[in-house]
There are 2 protein chains.
Amino acid sequence: MSKKPADPANGGAPTARQVPMRDFSRSLPMSLLRAREAVMRQFRPNLREHGLTEQQWRILRALASIEAAEVTELARTAFLLGPSLSRILRDLEARNLIERKTAKADQRRSMVSISKEGVKLMASVAPNSEAIYAEITRRFGARKLAELQEMLGELEQSLAELGAGEEASAEE
Amino acid sequence: MSKKPADPANGGAPTARQVPMRDFSRSLPMSLLRAREAVMRQFRPNLREHGLTEQQWRILRALASIEAAEVTELARTAFLLGPSLSRILRDLEARNLIERKTAKADQRRSMVSISKEGVKLMASVAPNSEAIYAEITRRFGARKLAELQEMLGELEQSLAELGAGEEASAEE
DNA sequence: CGCATTCACTTAACATGTTAAGTATCTCCG
DNA sequence: CGGAGATACTTAACATGTTAAGTGAATGCG
């Protein structure tokens, strides 16, 4: 019952375990984070060569497929929070990659659309991006990839109903 | 061949598809991002109540299980980039949650370890965190969860060999 | 109509992600 | 021994994540 568990008699690899928890590296959040990083690592160089970040690219892709959208809708589609989107749209507009105009019926809303320049830029990025995606699919296997996406969707569903946390305790 | 594709004769639901790409919302990066967000949404409130961010919590957990580590090793374990870790360690040290001392053999390295206060804080966060994880496991299914983690690991493996991008073009 | 609410964003403030530089050490070879 | 190169971090700079507050415009109701 010594107070210093760092006793060398313990062995080579030190293992403290001062608080009981499941193995850190095998937690679901970490698995998801590492997997996503492994995937994005493949795409970032290509985007970077065209002066785009991952999020900017998400916005352009979203816009290219829906023609025009309100900011809130775009946030949902590109899976970005309002404040992030607000900043990015400001920058993309300054670079003339998107266009914005307030809706006539409701002055609060603004309709965002991709510009011709934006389309041109996308066209120069998309082929390489598609090629990378194809390579990933080839390596991992198309079948398995589909299965994985299916499971990820189910996971999302399982937790969607659980709401935004709080299970029976905190009420601020 | 009109120059304005926003022709109303197009129909109600606008679908531009100005650049050919696979469906945005079904891309692997998006699936992984959404799944991870769904999971983290469950944990954040609990961490927040204790004044911890997700990354700070990762560091404490990593330290609690390995007793002491160099910064680089810790970065690998907690899956954080050096600069992020550097900042966070500075803050955690100021809050007396961790301790740091330069290694005697190599002045460049510094050994980081969790403090008693850090252990105490972890002990107050861990139970709730474990309960949330258990609930997630229950909802999604322990079997499926294991399968998912297995696939995520395989995906990571598949791409690890692919290195950090570059396939036959850019060489800066 | 008048005004409290709600809505759709935008700003602000702080923390991290990401890449490039900077600093102090340490290694190693000549 | 001495200086070039490698190491282990740390800083810097810019972009996004995250929560809270602010702003202007619609809505609803008495």
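By convention in this document, chain letters (A, B, ...) are assigned in the order of the sequence lines, proteins followed by strands, and residues within each chain are numbered from 1.
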[X] side chain, from C-beta outward: closest of [options]:
X	options	answer
A:Thr53	C:dC9, D:dA15, D:dT19	D:dA15
A:Gln56	D:dA15, C:dC9, C:dT25	D:dA15
A:Gln107	D:dA25, C:dT25, C:dA20	D:dA25
B:Arg87	C:dT10, D:dT19, D:dA13	D:dA13
A:Arg100	C:dC9, C:dT10, D:dC9	C:dT10
A:Ile88	D:dT16, C:dT19, C:dC9	D:dT16
B:Asp91	C:dT16, D:dG17, D:dA25	C:dT16
A:Arg108	C:dC9, D:dT16, D:dA25	D:dA25
A:Ser86	C:dT19, D:dG17, C:dT10	C:dT10
A:Val71	D:dT16, C:dT10, D:dT10	C:dT10

Same cluster (ILVMFWY, side-chain, under 4.5 Å), A:Leu60 and A:Met111:
no

Euclidean distance, atom [atom1] of residue [X] to atom [atom2] of [N] [Å, nearest integer]:
X	N	atom1	atom2	value
A:Lys104	D:dA25	NZ	C1'	18 Å
A:Arg90	C:dC9	CZ	P	16 Å
B:Leu52	C:dT16	CG	C1'	15 Å
A:Phe79	D:dT16	CZ	C1'	14 Å
B:Leu47	D:dT18	CG	P	13 Å
A:Glu70	D:dA26	CD	P	13 Å
B:Arg109	D:dT10	CZ	P	13 Å
A:Trp57	C:dG17	CH2	P	25 Å

For DNA chain C, whose closest nucleotide is more 5', that of A:Glu73 or that of B:Leu80?
A:Glu73

So which one's nearest nucleotide on DNA chain C is more toward 5', A:Leu33 or B:Ala105?
A:Leu33

Using only side-chain N and O atoms of B:Ser84, determine if any of them is under 4.0 Å from OP1 or OP2 of C:dG17.
yes

If the cut-off is 4.0 Å, is A:Thr72 near the phosphate of C:dC9, judged by side-chain N/O to OP1 or OP2?
yes

Once you round to the nearest 0.5 Å, how far does [atom1] of [X] lie from [atom2] of [Y]?
X	Y	atom1	atom2	value
A:Leu63	A:Leu89	CG	CG	7.5 Å
B:Gln56	B:Leu97	CD	CG	8.0 Å
A:Phe140	B:Met151	CZ	CE	4.5 Å

Both B:Leu89 and A:Leu85 contact DNA chain D. Which one's nearest nucleotide lies toward the 5' end?
B:Leu89

Looking at B:Ala131, is its backbone amide N or carbonyl O close enough to the side chain of B:Glu135 to form a donor-acceptor pair, meaning the two atoms are under 3.5 Å apart?
no

A:Thr137 versus B:Leu28: any side-chain heavy-atom pair under 4.5 Å?
no

